[in-house]
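Since the model is a prediction, treat every value here as computed from it, not as a measurement. Reckoned from all heavy atoms, side chains included, excluding hydrogens, waters and symmetry mates. In what follows, chains carry the letters A, B, and so on, assigned in the order in which the sequence lines appear, proteins first and then strands, with residues in each chain numbered from 1.
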Amino acid sequence: MDGAGREARATISPAAAACVARHVPGRSLERDFYVDESLFAADVARIHHRHWLFVGYSFEVANPGDYLTYSVAGAEIVVVRGQDGAIRAFHNVCRHRGSKVCLSEHGHGSVLACPYHKWTYRLDGSLMFDTKKEFGVDRSELGLRPVKLVDAGGLLFFSLAENPPDFGDAAATIARKMKPHAIHRAKIAHEIDYVVKANWKVVFQNNRECYHCTPNHKEYNTAAYDVMRDNAVVDPTLQPAMDAVIEQANARFAELGLDTGDASSNMTGRNWRCHRTPVMEGFLTQSMDGKLVSSLMGDIKEPDSGTLRTTVFPNFWQHTNCDFAAAARLTPIGPGETHVRGYWLVDARAVEGKDYTLERLLPIWDITNKQDWKICADQQAGVSSPGYVPGPYSTLRERNVAHFDDWYIGELRG
Amino acid sequence: MDGAGREARATISPAAAACVARHVPGRSLERDFYVDESLFAADVARIHHRHWLFVGYSFEVANPGDYLTYSVAGAEIVVVRGQDGAIRAFHNVCRHRGSKVCLSEHGHGSVLACPYHKWTYRLDGSLMFDTKKEFGVDRSELGLRPVKLVDAGGLLFFSLAENPPDFGDAAATIARKMKPHAIHRAKIAHEIDYVVKANWKVVFQNNRECYHCTPNHKEYNTAAYDVMRDNAVVDPTLQPAMDAVIEQANARFAELGLDTGDASSNMTGRNWRCHRTPVMEGFLTQSMDGKLVSSLMGDIKEPDSGTLRTTVFPNFWQHTNCDFAAAARLTPIGPGETHVRGYWLVDARAVEGKDYTLERLLPIWDITNKQDWKICADQQAGVSSPGYVPGPYSTLRERNVAHFDDWYIGELRG
Amino acid sequence: MDGAGREARATISPAAAACVARHVPGRSLERDFYVDESLFAADVARIHHRHWLFVGYSFEVANPGDYLTYSVAGAEIVVVRGQDGAIRAFHNVCRHRGSKVCLSEHGHGSVLACPYHKWTYRLDGSLMFDTKKEFGVDRSELGLRPVKLVDAGGLLFFSLAENPPDFGDAAATIARKMKPHAIHRAKIAHEIDYVVKANWKVVFQNNRECYHCTPNHKEYNTAAYDVMRDNAVVDPTLQPAMDAVIEQANARFAELGLDTGDASSNMTGRNWRCHRTPVMEGFLTQSMDGKLVSSLMGDIKEPDSGTLRTTVFPNFWQHTNCDFAAAARLTPIGPGETHVRGYWLVDARAVEGKDYTLERLLPIWDITNKQDWKICADQQAGVSSPGYVPGPYSTLRERNVAHFDDWYIGELRG
């Protein structure tokens, strides 16, 4: 799938390669994957500075000149909408002495001007003055360096690789399934920045199973079928009831003109998925009480549309309901620390205080997030111990964690 | 002494081994021993993750299900009393995904349950449910990993090594000499957590001599004979007076049915000691004014029992008086930082406000500790300088520091 | 110039040497020079622990026994005036166990006594007691280790090298040109400690050009001719006006018995300069409004003496006016952090509140400094990105930056 990309892959340290070679599939990753600086460098080189990362939403750069900056493991990028309406991404680094060009996270300008010596670039990245005489280099060689960007139905993903892994299927599927929710004309009702004291893989593994939900997520469990699904996997006598739920949900999805789905968390592609799952019977959306928390999004005409679950390794997931979406963008800070931005989206026309309040919108995911970050920090502390040895995954309830590890190990091995 | 342990020793970096090879006995250690990350890693591997470390007191886990956790250089352990009354230690790491199992420093439970997926262990470490079918591994292979633990008269020591250095003589001697003070039925009147801005060896070297006492420890010097002892070593005309003190003290110890002692700080074994020394004439205990600061401990029937000094490299010392004990547990945080927990023990039956007050109990050791931590931080700053060259130890007053270094170098060389 | 010094040069890591070998003159330095720990170690070894560094002013140790301490990349030094009036520098490290000897930044003592065991040294560094018997080493081998120090007209520079690069011309020129300002009998009116979130080279490169002044230094530009000079370089039709300014300024300097100068920022020697430049027409000094901000310094008899600009790679610059001097001492903290002490000097006889106020004295340089530190931090963030590629320097306005880089690369290559 990413043949071209492989050539561009950074070499990794012998110590990191040895860890990768020792990995036993079906067992949790060994200690160094979570604590070692050379493995963190390998993760950055092979994963974060190569794969497609979520950066933000197209509505965040709604007008020509609107920009958005993002920094991941030292890489600075700027996403900007041009005069032609196209959204482009560039390294946010001046071609003169390397200063950051755009200093704020969100901003607007008719041009992009570096604050240091006012080297000024058009919104398409081209440098606006002649350099040949004074600098000995033609201006055409001194435009902002482009970064590959894809707009998947309003979700913006970028890759820092020259030849990135293929993302065509993922982007097309996400765009198609997101369409009724019209993310490109939503708005961010609220953002929360969390710092999780755990490796980014601990955070993503936590996201890939609901085996931990029963002891930890009282609130989430009232709204989602994940626990029932897992129970049915372990105890086949419960499967018919789960099947009935799916059948009923799919009938509802068909009625609304939406794609069918299931309750699984399996990945669609190797490192992404996008499919609809039911919410709990009697619930119109993922909320504390099952009632709507905002007006309907986009072209959704009736409530009770299930949840469109979208996951893209290594930094993104989103639960998109009829009335709101909750998303998470993961940014590794170091081996034992990850920044997570939580997003709460509502329809652009929704008015705070009238159509929604943060008191009703935030809890179910903010509570669940915080429960997970606590779990993750405790796991990070344990796996950091020399007394930790990789343990076996459940062949029933942790297949998706094993899948994540397999993908990850494959990327480091490749 | 630790033949079996040697096989299990971790390899150390070539840079660390070169420093060890360059060491000149009788001179202070060179700079890298105090600041270099690879030498810190060597210390952890060869010393802290191998030797016997003090973790706490048996009375801290008085009842079945009581537990105590401790973390040293990333290693997480839990010490727990079983239903059978035995105290055991385990890696505090779940055998499933590696989360910490017990989250608080002190706690109680009829079982030990991991918060992540509720893998639950009996107090003897065995896993309580079948894993073969879902996880492909027999439950008998998935118990909490045991850690070696010794109860030396109420003082609990553990070793993370498979084949630890021998500790039999040390444990037996400590248990026998501590017996009259009945540490196993004492209580902690107060704890203070200090962070010392110095390498753990700087802290221990400081503890191994009283050459620094005259200029630095006005309060301690009023209660202890260390300075007189050192003066007698330097000036033999003072020795008879020192001998007379010892003779008188030993008569007193015999009267109380206690072992004889001397004023020295020499080690009994290679890396431990436990012997009684006198306190200053007219002093009943180590206190600011020489008066008792609590009711008598354990089976001690009369005041003025001297001080039982116990030292175990690399992380523990305790001064045990007739009425209270003051101890220190050292935990390395990094090359330039050490956590020290100071403990003040009194008899379990002593009542605060009636039998003792913290205002009278704490000062002599809290003041002395803080004076030492300041000295240590200033030494750390100096030895970190490229302008530092190892200097000569006093052949009279710093033999015990040289002994500590010899032991340490031997462990890194071994 | 520093043949003898070269032998003493520390070896640098292969990674650092490879970066040095890849450097393209006339282009900015590549990323690793600003962020990599092994290159930071190379900088310290080859530059900061070898070259002449500014430490302070002779008037800061005005009387015998006055001392001044300074720490650069772990190296601790003490500068002290002896009973004979001579100023000496030593490693501030006790020859016994390596403690810091002098603990405060400024102090006074008739001797230098280590706080740990009271090893006591005379102000000439010699140890005051016999060590042969107790320590087995003659006291003559245990004096404080000397550090080379030069007093250049009241500015004190030291080198940690055994065979430092030659500094004779620099010291002599600085002493001669500073003479009318009588820095040795000035005083520090104020100091500000800044922490700049940038590599020390970013800070020094910023100091070596005024191409950034137009967009960033509104206040400074009103007082200094730097922008006009650069404009004349780019547009030769402006040169005659600039020449006229210099001609007029030199006439004024001659009238005052001062050396002639020009508006350039070129270096006099390879890594230092000291020459007079005009201030803006109508300005008597570098101030917000052009009026004096203190009484005249030293032997200066009339205002309007231009500015004597002194620069010494890698850690010092000073603008010396008729009434005050503003200086900066750079101390690297890590690859991405530099401590800068800003100094404001006035004549020793000037009285605060009467002859000067801080409200008038500080702004022009404090404002300019803060503008620069902001620029530097933004450049540091940009050059840290893997998307950064070295860009071309202006052949007209950044020759002095290229010169700094050439010097720096030469020192790392040598």
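- Between R95(B) and P392(A), the shortest heavy-atom distance links the atoms O-CD, 3.7 Å.
- Annotation: side chain of L396(A) is not in contact with side chain of K133(B) (no heavy-atom distance under 4.5 Å).
- Most heavy-atom pairs under 4.5 Å with chain B: of the set V401(A), N206(A), V202(A), L29(A), this distinction falls to N206(A).
- Residue R397(A) touches chain B through both its backbone and its side chain, counting heavy-atom pairs closer than 4.5 Å.
- The minimum heavy-atom distance linking E398(A) with F135(B) is given by the pair OE1-CE2, 3.8 Å.
- The heavy-atom pair separating A75(B) from S385(A) by the smallest distance is CA-OG, 3.4 Å.
- Closest of all the heavy-atom pairs between Y211(A) and H96(B) is CE2-CE1, 3.5 Å.
- Across every non-hydrogen atom of Y116(B) and P215(A), the tightest pair is O-CG, 3.7 Å.
- Contacts of V35(A) with chain B are absent, with no heavy-atom separation under 4.5 Å from either backbone or side chain.
- Of the listed residues (E209(A), Q380(A), Q205(A)), the greatest number of heavy-atom pairs within a distance under 4.5 Å of chain B belongs to E209(A).
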Q. Are K100(B) and Q379(A) close enough, and set up right, to give a side-chain contact (heavy atoms from CB on, under 4.5 Å), and what steps lead you there?
A. CA-CA 6 Å; K100(B) 282 177 70 163; Q379(A) 187 187 2; over 6 Å; no

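- Contact annotation for L142(B): only side-chain heavy atoms (C-beta onward) come within less than 4.5 Å of a heavy atom of chain A.
- When each of S384(A), G382(A), P390(A) is scored by its heavy-atom pairs under 4.5 Å with chain B, the top score falls to G382(A).
- Put simply, of T131(B), I77(B), V101(B), V93(B), the one with the most heavy-atom pairs under 4.5 Å next to chain A is V93(B).
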Q: Walk me through it: do H212(A) and K118(B) pass the test side-chain contact (heavy atoms from CB on, under 4.5 Å)?
A: CA-CA 8 Å; H212(A) 71 274; K118(B) 284 290 174 230; over 6 Å; no

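- Using a 4.5 Å cut-off between heavy atoms, R97(B) contacts chain A through both its backbone and its side chain.
- When each of S99(B), C94(B), A73(B) is scored by its heavy-atom pairs under 4.5 Å with chain A, the top score falls to S99(B).
- If you take OG on S394(A) and NE2 on H117(B), they are separated by 9.0 Å, rounding to the nearest 0.5 Å.
- Looking at D378(A), its side chain never comes within 3.5 Å of a backbone N or O of P115(B) through a donor-acceptor pair.
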